[in-house]
Amino acid sequence: MRMSKMFSRTLREAPSTADSKGYELLLRAGFVRQMGAGIFSLLPLGYRTTTKIENIIREEMDEIGGQEILMPVVNPADIWKETGRYYSIDKEMCRFSDRANRDMVLAMTHEEDATAIARNEIGSYKKLPQLIYQIQTKWRDDARPRAGLIRVREFTMKDSYSFDRNIEGLNEQYKNHYASYFRIFSKAGLPVIVVGADSGMMGGKISHEYMYLSPIGEDTIITCDKCGYTANRQVAVFQKEYFKEEEKSLEKIKTPNCKTIEELCTLLNIEKRQTAKAVFMVGTYIDDKTGEEEEKLIIATIRGDFDVEENKLQKACKANSLRPAHEDEIKAAKMVPGYGSAINCDPKTIIIVDDSVKKSNNLVAGANEEEYHLLNTNYGRDYKGIVADIASAKDGYTCQCGHKLKENRGIEVGNIFQLGTKYSESMNCFFTDEDGKNKPVIMGSYGIGVGRFLACLAEEYNDEQGLSLPISVAPYQVHLISLIKDKELSEKIYNDLTNKGIDVLYDDRKESPGVKFTDADLIGIPIRITLGNRSVKEGKAEVKFRNNLSENFLFNLDSITEEIQKSIDNLKSELTKKIIHKELSL
RNA sequence: CGGAUAGUAGCGCAGAGGCUAGCGCACUUGCUUCGGGAGCAAGAUGUCGGAGGUUCAAGUCCUCUCUAUCCGACCA
């Protein structure tokens with residue numbers, strides 16, 4: 001590619017909306033442009049990188065037996081009604097009607113599509129296992145897109161769907177993906193860690209997320225250095241210390257101006273762990289078949305020294321969504337905000353109790369009366385409810401192995417889910433097994449966000465001068481800068497390299513050397529060849545590597561194509577050396 | 001969806017009632033320059049986000065609206 005003909009331009013100053021280094025450089029170097037909130041165009045450089053990422057993904061998906069397909073972005077709403085997600089997913093899904101007034105949606109993932117196809121193609125166990133995948137556009141109308149390419153509304157995703165006879169088959173496909181994803185990220189040079197995760201709207205039980213650790217990430221990851229435990233905070237577990245003493249009887253005491261745990265502890269001169277705090281939420285429950293919604297008040301009771309992890313709470317109470325309760329809703333259930341507890345509340349309230357409360361006793365809790373608390377409340381004796389772990393794991397808490405937990409921020413670039421039969425059963429995707437019986441196909445689904453992948457690479461590989469993407473994903477392999485008058489020589493080298501199949505970005509512009517160098521630094525092609533008067537006279541070209549700009553090499557012009565090819569191979573093998581192999585035990 | 005901020009040239013910004021809207025970079029042409037964002041000269045570029053209003057006069061004041069960004073709610 002000749003830079004004199006290139007579509008995009010580089011920017012000296014970043015648009016004011018760029019708030020992370022990687023995103024700023026993607027804009028400045030001309031990889032991406034923004035169209036709207038969470039909506040982006042890929043310019044030639046960005047698209048080339050994206051294509052390279054996609055091809056790495058294709059290679060690895062094909063390697064584990066994946067067959068590439070393409071499903072539609074526009075879906076008839078019917079299949080989404082079959083699984084109930086037409087009703088259970090809120091405004092994040094775009095709904096519209098076509099000219100004949102049929103309900104339509106924009107697919108935000110493709111479990112429904114994949115299942116709808118599979119139920120017609122797979123009739124027998126002889127057809128199983130299967131693995132299909134696609135690289136395709138998704139639309140998710142996120143309430144708040146942010147951070148450049150990290151959280152967007154329209155994005156490209158690789159999604160694969162596995163179909164199996166039995167759980168062993170699913171486990172194998174799941175393990176294949178687990179390892180395959182590590183190879184994909186390693187080939188592209190992106191360091192990731194895998195964490196145990198929540199399956200969210202996908203349903204199913206086992207799931208893992210691939211996280212790129214970064215302070216701009218929106219997920220919190222809890223890790224233990226000693227035993228290797230890693231999990232998204234949404235599901236992370238930790239060791240709680242319990243305190244049990246001889247049971248004492250309830251006692252009502254006056255506690256004016258004690259609406260918070262801190263105030264209460266100060267007044268009574270006790271520790272937070274000696275209290276039970278109440279968190280009021282309203283859960284929405286949606287009927288999968290009819291779409292009817294019902295709201296229920298939920299009181300989460302947790303020991304005062306812990307915080308409620310909303311995600312865990314939502315699971316425990318089996319709600320489709322949660323929101324904080326309004327004061328009047330709390331009062332309507334005979335409880336008092338600031339002085340609330342599950343004791344003597346309206347029986348319709350769903351009571352969720354953290355196991356820390358069950359395993360402790362004589363806790364101070366609200367009396368459901370303005371300015372009064374109760375001493376010595378005990379779960380089981382004074383109130384009952386669903387016991388679950390709903391506590392949020394935090395930095396410094398104790399891992400189950402006894403070591404201290406740490407927390408980090410991360411960006412989710414990939415995920416794998418064991419779906420089981422959720423979709424096959426609701427969508428009637430059955431096969432006839434060897435024993436002649438009809439059984440639901442067992443499914444898994446697996447995603448990689450391609451745009452996020454690019455964004456993470458840009459965060460990982462940059463310096464003050466610009467981007468410095470690994471050779472496997474950089475838009476070009478070689479940047480040829482010509483500073484000499486002898487056009488013929490530059491053209492010859494450009495053609496020789498290109499004819500060898502090397503991706504060359506050739507700066508043939510009538511620009512000053514300074515402009516060419518700064519643009520080269522900014523775009524960050526891994527290998528740079530500079531043709532300058534001094535070295536050319538001696539039959540040499542200067543070569544620099546973007547990941548080490550301070551070192552300068554001289555290559556012979558006669559053998560430059562071969563030398564450059566060797567350098568490319570070296571850079572590539574350095575990347576593959578870093579491949580992490582991790583075993584997954586299920 | 002709540003709170004805050006901002007929309008003036010491709011990008012970054014100034015102009016805060018006064019008549020012809022500006023600066024830097026980028027862009028065009030010419031000459032010089034040519035190893036780290038060159039110099040000189042000449043030029044082109046704006047429905048001042050949109051609609052309505054106040055006024056002799058509106059980027060500038062008022063009302064509504066749209067859009068974007070950040071914080072939160074939310075989210076794979």
Side-chain angles (χ1 to χ4, degrees), chain A residues 8-20 23-24 27-30 33-39 85 89-93 107-111 138-148 150-153 155 157-159 195 197-204 207-211 216-219 232 234 281-282 284 310-311 314 320-324 410-417 445-452 464-466 481-485 507 509-522 528 530-536 541-542 544 549-550 552:
Chain A
S8 58
R9 63 157 132 203
T10 54
L11 303 175
R12 280 205 186 187
E13 282 176 286
S16 53
T17 53
D19 51 354
S20 78
Y23 177 43
E24 179 193 320
L27 286 168
R28 286 224 290 133
R33 293 288 181 254
Q34 185 171 12
M35 285 290 293
I39 307 174
R85 285 161 116 190
I89 295 173
D90 200 23
K91 289 182 185 158
E92 216 178 328
M93 181 156 66
M108 41 191 288
T109 172
H110 280 77
E111 282 76 18
K138 312 280 184 235
W139 172 262
R140 294 185 191 177
D141 197 358
D142 196 301
R144 172 123 141 73
R146 65 181 111 187
I150 303 296
R151 202 167 127 182
V152 295
R153 295 193 292 172
F155 58 99
M157 181 167 160
K158 184 289 298 180
D159 43 329
V195 308
D198 176 52
S199 49
M201 68 169 182
M202 293 299 178
S207 103
H208 288 87
E209 291 169 339
Y210 289 75
M211 294 282 184
I216 66 166
E218 298 198 292
D219 286 278
N232 195 308
Q234 295 176 333
M281 306 291 285
V282 169
T284 308
E310 254 190 61
N311 198 70
Q314 188 180 338
N320 288 69
S321 63
L322 288 181
R323 63 164 173 84
I411 300 168
E412 181 191 344
V413 280
N415 52 43
I416 52 180
F417 297 99
S445 90
Y446 318 84
I448 291 178
V450 178
R452 267 193 191 174
E464 278 310 301
Q465 278 70 40
I481 298 178
S482 172
L483 301 178
I484 51 175
K485 293 249 162 64
D507 197 343
R509 296 175 301 172
K510 286 181 190 143
E511 286 289 351
S512 71
V515 170
K516 293 185 176 184
F517 287 132
T518 26
D519 274 346
D521 291 345
L522 180 59
R528 178 182 314 170
T530 308
L531 297 174
N533 286 320
R534 273 170 268 145
S535 47
V536 164
E542 289 162 53
K544 273 190 180 187
L549 287 176
S550 54
N552 209 357

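To find a chain, count down the sequence lines: A is the first, B the second, and so on, and within it residues start at 1.
On the C1' atoms, B:C62 is 12 Å away from B:U55, given to the nearest whole Å. Spacing between B:G59 and B:A51 at atom P, rounded to whole Å, works out to 12 Å. Comparing the P positions of B:G36 and B:G17 gives an interatomic distance of 48 Å, to the nearest angstrom. For the C1' atom pair drawn from B:C11 and B:U29, the interatomic distance equals 23 Å after rounding to whole Å. Comparing B:A21 with B:A57, their C1' atoms sit 16 Å apart, to the nearest whole Å. Annotation: B:C48 and B:U60 have their P atoms spaced 10 Å apart (nearest Å). Between B:U47 and B:C64, the distance separating the two P atoms is 26 Å to the nearest Å. Rounded to whole Å, the separation between the P atoms of B:A58 and B:U20 comes to 11 Å.
Side-chain contact check for A:Asp519 versus A:Arg509: some heavy-atom pair is nearer than 4.5 Å.
Remark: P of B:G37 and CG of A:Asp507 are 15 Å apart, rounded to the nearest angstrom.
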Contacts under 3.5 Å, N or O only, protein and nucleotides 38-43 of chain B:
{"residue": "B:A38", "atom": "OP2", "partner": "A:Ser512", "partner atom": "OG", "Å": "3.2"}

Table of protein N/O atoms under 3.5 Å from nucleotides 45-48 of chain B N/O atoms:
none

Extract from the structure each pairing of a protein N or O with an N or O of nucleotides 27-29 of chain B at less than 3.5 Å, listing the distance.
none

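At distances below 3.5 Å, not a single donor-acceptor pair connects side-chain atoms of A:Lys138 with backbone N or O atoms of A:Thr109. At distances below 3.5 Å, not a single donor-acceptor pair connects side-chain atoms of A:Arg323 with backbone N or O atoms of A:Met281. Between the A:Arg151 side chain and the A:Pro145 main chain, no donor and acceptor come within less than 3.5 Å of each other. Within the 3.5 Å criterion, the main-chain N or O of A:Ser482 finds a donor-acceptor partner in the side chain of A:Lys516. A donor-acceptor pair is defined here as one N or O able to donate and one able to accept, closer than 3.5 Å; no such pair exists between the side chain of A:Arg140 and the backbone of A:Met93.
For B:G59, the O4'-C1' to base torsion is within 90° of 0; the nucleotide is therefore syn. Look at B:A44: its glycosidic torsion is beyond 90° from 0, and that puts it in the anti range.
B:U54: no Watson-Crick or G-U partner with both key distances under 3.5 Å is found in any strand. Remark: B:U60 base-pairs with no nucleotide in the shown strands. Criterion, Watson-Crick or G-U wobble with two distances under 3.5 Å. Pair assignment for B:G36: none, as no Watson-Crick or G-U wobble contacts are both less than 3.5 Å. Pair assignment for B:C23 gives B:G12, based on Watson-Crick or G-U wobble hydrogen-bonding distances that are each under 3.5 Å. Checking B:G2 for Watson-Crick or G-U wobble geometry (two distances, each under 3.5 Å) identifies B:C71 as its partner. In a base pair of the Watson-Crick type (N1 to N3 plus N6-O4 or O6-N4) or a G-U wobble (N1-O2 and O6-N3), with each distance short of 3.5 Å, B:U28 is matched with B:A42. Summarising the base pairing, B:G7 is matched to B:C66 through a Watson-Crick or G-U wobble pair whose two defining distances lie under 3.5 Å.
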Checklist line | Residue pair A:Asn232, A:Glu412: steps toward the side chain to side chain contact (heavy atoms under 4.5 Å, CB included) verdict | finding: CA-CA 10 Å; A:Asn232 195 308; A:Glu412 181 191 344; 5.7 Å; no
Next item on the list: Show the numbers, then the answer: is there a side chain to side chain contact (heavy atoms under 4.5 Å, CB included) between A:Phe517 and A:Asp507?
Entry: CA-CA 10 Å; A:Phe517 287 132; A:Asp507 197 343; over 6 Å; no
Check: When you look at A:Leu483 and A:Asn533, which way does the side chain to side chain contact (heavy atoms under 4.5 Å, CB included) test go after all the steps?
Finding: CA-CA 7 Å; A:Leu483 301 178; A:Asn533 286 320; over 6 Å; no
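Among B:G12, B:A76, B:G35, the nucleotide with an atom closest to any side-chain atom of A:Ser535 is B:G35. Of all nucleotides listed (B:G12, B:G35, B:A76), B:G12 comes nearest to the side chain of A:Pro15. The listed nucleotides are B:C11, B:C1, B:C75; the one nearest the side chain of A:Glu92 is B:C75. Closest approach to the A:Ala143 side chain among B:G37, B:A73, B:G24 is made by B:A73 (side chain taken as heavy atoms from C-beta onward).
Taking 4.0 angstrom as the limit, A:Arg144 places a side-chain polar atom (N or O) nearer than this to OP1 or OP2 of B:C70. Contact between the side-chain N/O atoms of A:Gln34 and the OP1/OP2 oxygens of B:U69 is found at a separation under 4.0 Å. Taking 4.0 angstrom as the limit, A:Arg452 places none of its side-chain polar atoms (N or O) nearer than this to OP1 or OP2 of B:A76. When the side-chain nitrogen and oxygen atoms of A:Ser16 are compared with OP1 and OP2 of B:G12, one or more of them lie within a distance under 4.0 Å. Remark: A:Arg146 is in phosphate contact with B:G72, judged by side-chain N or O atoms under 4.0 Å from OP1 or OP2.
Both A:Thr10 and A:Gly36 sit near RNA chain B, but only A:Thr10 has its closest nucleotide nearer the 5' end. In terms of position on RNA chain B, the residue among A:Asp19 and A:Pro513 whose nearest nucleotide sits closer to the 5' end is A:Pro513.
Within 4.0 Å (heavy atoms only), A:Gln234 reaches no atom of the nucleic acid at all. Nucleic acid contact class of A:Val152 (heavy atoms, under 4.0 Å, all strands): base. Counting any heavy atom pair closer than 4.0 Å across all strands shown, A:Lys158 reaches no nucleic acid atom. Among the protein residues, A:Tyr446 comes within range of no part of the nucleic acid, since none of its heavy atoms lies under 4.0 Å from any strand. The residue A:Ala520 sits apart from the nucleic acid: no heavy atom pair falls under 4.0 Å. A:Arg528 comes within 4.0 angstrom of a base, heavy atoms only. When heavy atoms are screened at a 4.0 angstrom cut-off, A:Arg33 is found touching no nucleic acid atom at all.
Among residues two or more places apart in sequence or in another chain, the ring pair (Phe, Tyr, Trp, His ring centres under 6.0 Å) test is passed with A:Tyr23 by A:Phe40. Qualifying side chain to side chain donor-acceptor pair (under 3.5 Å) partners for A:Gln465, counting only residues two or more places apart in sequence or in other chains: none. The side chain to side chain donor-acceptor pair (under 3.5 Å) test applied to A:Arg528 returns A:Asp521, not counting sequence neighbours.
Put simply, CD on A:Glu111 and CZ on A:Arg85 are 4.5 Å apart, with the number rounded to the nearest 0.5 Å. Distance CG/A:Asn415 to CE/A:Met211: 9.0 Å, rounded to 0.5 Å.
Residues A:Asp142 and A:Arg153 are not paired through a salt bridge, judged by the lack of any N-O separation under 4.0 Å between the basic side chain and the carboxylate.
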